[in-house]
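As a basis for the values below, the full set of heavy atoms in this structure was taken, side chains included, without hydrogen atoms, waters or symmetry mates.
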Amino acid sequence: GTLKINLIKEAYQGYNYTSARLLSKGKYSMKYGKVEIRAKIPSGGGTWPALWMLGDNIDSVGWPACGEIDIMEHVGNQLNRIFGTLHYPGRSGGNADGASVMISNATTEFHIYSMEWNASTIKIYVDNQLFFTYNNNANSPFNQNFFFIMNVAMGGNFGGTIDPNVTNATMEVDYIRVYQ
């Protein structure tokens, strides 16, 4: 089967939606290699699914000093636009380093979101199509172990306007493969 992260329209502790965030912090992290994630992402205005990574040292240095690698982000208000982004000191939030690419059927078919990472570059792909390259260097935070996060958020600064007709949405993850 597949891992399903469900977003549900329901009142909970002052919020209108519930969902989940799964992370491998303290269980698994990696430095350099290739990551492939086969997933089908949800649709709907305000949905914000993400497959991403944070530096293991987040508890000691905070964000964005720990670094963040967004292998895939999608916002339902920009249907089929896939974002690959890096956040680090001086380049975080709305000033992050990244790119986007349009693909067809992002929310109805599975796609492979991948990253190749070494001491010189970080490259982000969708279905083997390269769309973002970062020139890594010794001064960046991208030379340490990072852990994985998978989640579906709703709204927020990037997720945008929430369509009140969205009652549920699901991100399905078929696999995550790490090659080192």
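- Ring centroids of F142 and Y134 are separated by less than 6.0 Å, placing the two rings close together.
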Could you give the side-chain donor-acceptor pairs of residues 88-99 under 3.5 Å, partners two or more places apart or in another chain?
unit_1, atom_1, unit_2, atom_2, d
Y88, OH, D97, OD2, 2.6
R91, NE, N95, O, 3.3
R91, NH2, D97, OD1, 2.9
N95, ND2, G90, O, 2.8

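- With no hydrogens or angles considered, no side-chain donor-acceptor pair links N151 and W48 at under 3.5 Å.
- For the residue pair N6 and T170, a side-chain donor N or O sits within less than 3.5 Å of a side-chain acceptor on the partner.
- More than 12 heavy atoms of other shown residues, nucleotides or ligands fall within 6.0 angstrom of atom CZ in R81.
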Full working for side chain to side chain contact (heavy atoms under 4.5 Å, CB included) between K9 and M154:
CA-CA 10 Å; K9 186 174 186 175; M154 188 60 149; over 6 Å; no
Report the C-alpha separation of I8 and Y17 in whole Å, then their side-chain angles, then the decisive distance to 0.1 Å, and conclude whether the side chain to side chain contact (heavy atoms under 4.5 Å, CB included) test is met.
CA-CA 5 Å; I8 302 168; Y17 291 86; over 6 Å; no
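- A continuous path of hydrophobic side-chain contacts links F148 to M72 [ILVMFWY only; heavy atoms under 4.5 Å].
- M171 and V35 fall within the same hydrophobic cluster, defined by Ile, Leu, Val, Met, Phe, Trp and Tyr side-chain heavy atoms under 4.5 Å apart, directly or through other members.
- In this structure, the side chain of H111 does not engage the main chain of A39 through any donor-acceptor pair within 3.5 Å.
- How far CD1 of I82 is from CG of N80: 7.0 Å, rounded to the nearest 0.5 Å.
- Expressed to the nearest 0.5 Å, how far CG of N168 lies from CD of E10 amounts to 10.5 Å.
- Under the 4.5 Å side-chain contact rule for hydrophobic residues, I149 and I58 share a cluster.
- In terms of heavy-atom proximity, P141 sits nearest to A65 at CB-O, 3.3 Å.
- Between the side chain of E109 and the backbone N or O of A106, no donor-acceptor pair lies under 3.5 Å.
- Under the 4.5 Å side-chain criterion, counting only non-hydrogen atoms from C-beta, M30 is not in contact with F147.
- Of the possible donor and acceptor atoms, none in the side chain of D70 sits under 3.5 Å from a partner among the backbone N and O of E73.
- Using a distance-only test at 3.5 Å, with no hydrogens or angles considered, no donor-acceptor pair links the side chain of D127 to the main chain of Q129.
- F158 and F83 have their aromatic ring centers within a separation under 6.0 angstrom.
- None of K40, M150, H74 except one satisfies the side-chain contact (heavy atoms from CB on, under 4.5 Å) rule with P49; the exception is H74.
- The pair E116-K123 does not meet the salt-bridge criterion, since no charged nitrogen lies less than 4.0 angstrom from a carboxylate oxygen.
- Annotation: side chain of T107 is in contact with side chain of L79 (closest heavy-atom distance under 4.5 Å).
- Clustering ILVMFWY residues whenever any of their side-chain heavy atoms sit less than 4.5 angstrom apart, transitively, puts I5 in the very cluster that holds Y113.
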Do N143 and Y32 pass the side chain to side chain donor-acceptor pair (under 3.5 Å) test, and can you show the C-alpha distance, the side-chain angles, and the key distance before you say yes or no?
CA-CA 8 Å; N143 297 293; Y32 304 149; 2.6 Å; yes
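- Residues L3 and L22 have side chains in contact (heavy-atom distance under 4.5 Å, counting atoms from C-beta outward).
- Taking both residues in full, the closest heavy atoms of N57 and C66 are given as OD1-CB, 3.2 Å, listed atom of the first, atom of the second, then distance.
- Minimum heavy-atom separation, L130 to I124: CD1-O, 3.6 Å.
- Atom CG of N105 sits in a crowded spot, with more than 12 heavy atoms from other residues, nucleotides or ligands closer than 6.0 Å.
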Pair T18, L7 - check side chain to side chain contact (heavy atoms under 4.5 Å, CB included), show working.
CA-CA 6 Å; T18 60; L7 177 132; over 6 Å; no
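- Follow the hydrophobic side-chain contacts under 4.5 Å out from I69 and you reach V101 in the same cluster.
- Y175 OH: more than 12 foreign heavy atoms inside a 6.0 Å radius.
- For W63 and H87, the distance between ring centers is under 6.0 angstrom.
- Between the side chain of D163 and the backbone N or O of G46, no donor-acceptor pair lies under 3.5 Å.
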Given the rule in the side chain to side chain contact (heavy atoms under 4.5 Å, CB included) test, do I37 and M115 qualify, once you have shown the distances and angles that lead to the verdict?
CA-CA 9 Å; I37 305 171; M115 171 190 64; over 6 Å; no
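- Aromatic ring centroids of W117 and F146 lie under 6.0 Å apart.
- Checked by atom type, the side-chain pair S29/D56 shows a donor-acceptor distance below 3.5 Å.
- Applying the salt bridge (Lys or Arg N to Asp or Glu O under 4.0 Å) rule to K34 yields the partners E36; only residues at least two apart in sequence or on another chain are considered.
- With hydrogens and angles disregarded, no donor-acceptor distance shorter than 3.5 Å links the side chain of E172 to the backbone of I41.
- Of the charged side-chain nitrogens involved, at least one lies within less than 4.0 Å of a carboxylate oxygen, so that D59 and K25 count as a salt-bridged pair.
- In this structure N135 satisfies the side-chain hydrogen bond (donor to acceptor under 3.5 Å, both in side chains) test with no other residue, sequence neighbours excluded.
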